[in-house]
Amino acid sequence: MSYDDNNIFAKILRGEIPAHKIYEDARSFAFMDIMPIAEGHSLVIPKCPAADLLSLDADYAAATIQTVQKIARAAKRAFDAPGVFVGQLNGEAAGQTVFHIHFHVIPRDGKSAPFAFHGRKEAASEILSAHAAKIAAALE
Ligand code: 5GP
């Protein structure tokens, strides 16, 4: 899939628009999803241009999945969640809406609303900040 440099996550990586950062290293970046489907819903992206998993460089894929694991562990601890969902979509036909590869990391308590992939309501900035800090504090 071709890559558009003006997608929203490319802008976040370039610092052109704000995000609630949880963690970053040389190859990956983790931040809060602006429309969470549950408390602690975050996104992990590679710091390279790739629209989907299929076109992602293997070294960046390896680095990104290691960050996904790190964030999933931290989110589970931070929200005292018995489970954590990790997933990603490839292509419009699969439901992808932002065309910079990203993994969703979502703490799940098994009790709240049935699983939906996308949120409908933007969360308050101060809540996202607090949740980013909470997950960051739970990193090992
Ligand atoms: P997709 O449908 O591509 O798997 O998921 C895109 C995700 O990006 C959605 O969950 C949506 O809430 C999130 N999102 C869209 N725009 C922004 C934004 O400007 N900032 C952040 N942090 N998340 C966004």
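Keep in mind that this is a model prediction, so the values were computed, not measured. Order of listing sets the numbers, starting from 1, for every ligand and every atom in it.
A donor atom on one side chain and an acceptor atom on the other are not found under 3.5 Å apart for Ser42 and His20. Between the side chains of Tyr23 and Asp25, at least one donor-acceptor pair of N or O atoms lies under 3.5 Å.
Both the backbone and the side chain of Ile34 come within 4.0 Å of ligand 1, judged by heavy-atom distances. With a heavy-atom cut-off of 4.0 Å, Met32 touches ligand 1 through its backbone alone. By the criterion of a heavy-atom distance under 4.0 Å, the side chain of His104, and not its backbone, is placed next to ligand 1. For Phe31, every heavy-atom contact with ligand 1 shorter than 4.0 Å involves the side chain, none the backbone. Using a 4.0 Å cut-off between heavy atoms, Leu89 contacts ligand 1 through its side chain alone, with no backbone atom that close. Looking at Phe103 against ligand 1, nothing comes within 4.0 Å, counting heavy atoms.
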Verdict with reasoning, Ile45 to Phe103, per side-chain contact (heavy atoms from CB on, under 4.5 Å): CA-CA 7 Å; Ile45 62 177; Phe103 287 87; over 6 Å; no
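Which parts of ligand 1 touch Gln96 is read off a 4.0 Å heavy-atom cut-off, strictly below it: atoms 2 (O), 3 (O). Atoms of ligand 1 lying under 4.0 Å from at least one heavy atom of Gly95, given by number and element, are 2 (O).
The same ILVMFWY cluster, assembled from side-chain heavy atoms under 4.5 Å apart, contains both Met35 and Leu128.
Between Ile71 and Leu139, the closest side-chain pair of non-hydrogen atoms falls below 4.5 Å.
Between His41 and ligand 1, not a single N/O pair is under 3.5 Å apart.
Residue contact check for ligand 1: Phe9 places a non-hydrogen atom closer than 4.0 Å to it. Residue contacts with ligand 1 do not include His20, since none of its heavy atoms lies under 4.0 Å from the ligand.
Note that the CZ atom of Arg108 and the CD atom of Glu39 stand 12.0 Å from one another [nearest 0.5 Å].
For His102 and His100, the gap between ring centers reaches or exceeds 6.0 Å.
Counting only heavy atoms of the protein, atom 10 (O) of ligand 1 lies nearest to Asp33 OD2, 2.5 Å. Looking only at heavy atoms of the protein, atom 2 (O) of ligand 1 is closest to His118 NE2, 2.4 Å. With respect to atom 19 (O) of ligand 1, the closest heavy atom belonging to the protein is Ile8 CG1, 3.4 Å. Protein heavy atom in closest approach to atom 5 (O) of ligand 1: His102 NE2, 3.0 Å. Scanning the protein for heavy atoms near atom 15 (C) of ligand 1, the closest one is Val98 CG2, 4.1 Å.
Within 6.0 Å of the CD atom in Glu92, the count of heavy atoms belonging to other residues, nucleotides or ligands does not exceed 12. Environment of CG in Asp80: sparse, with no more than 12 heavy atoms of neighbouring residues, nucleotides or ligands closer than 6.0 Å. Counting heavy-atom neighbours within 6.0 Å of Arg14 CZ, excluding the residue itself, gives a total above 12.
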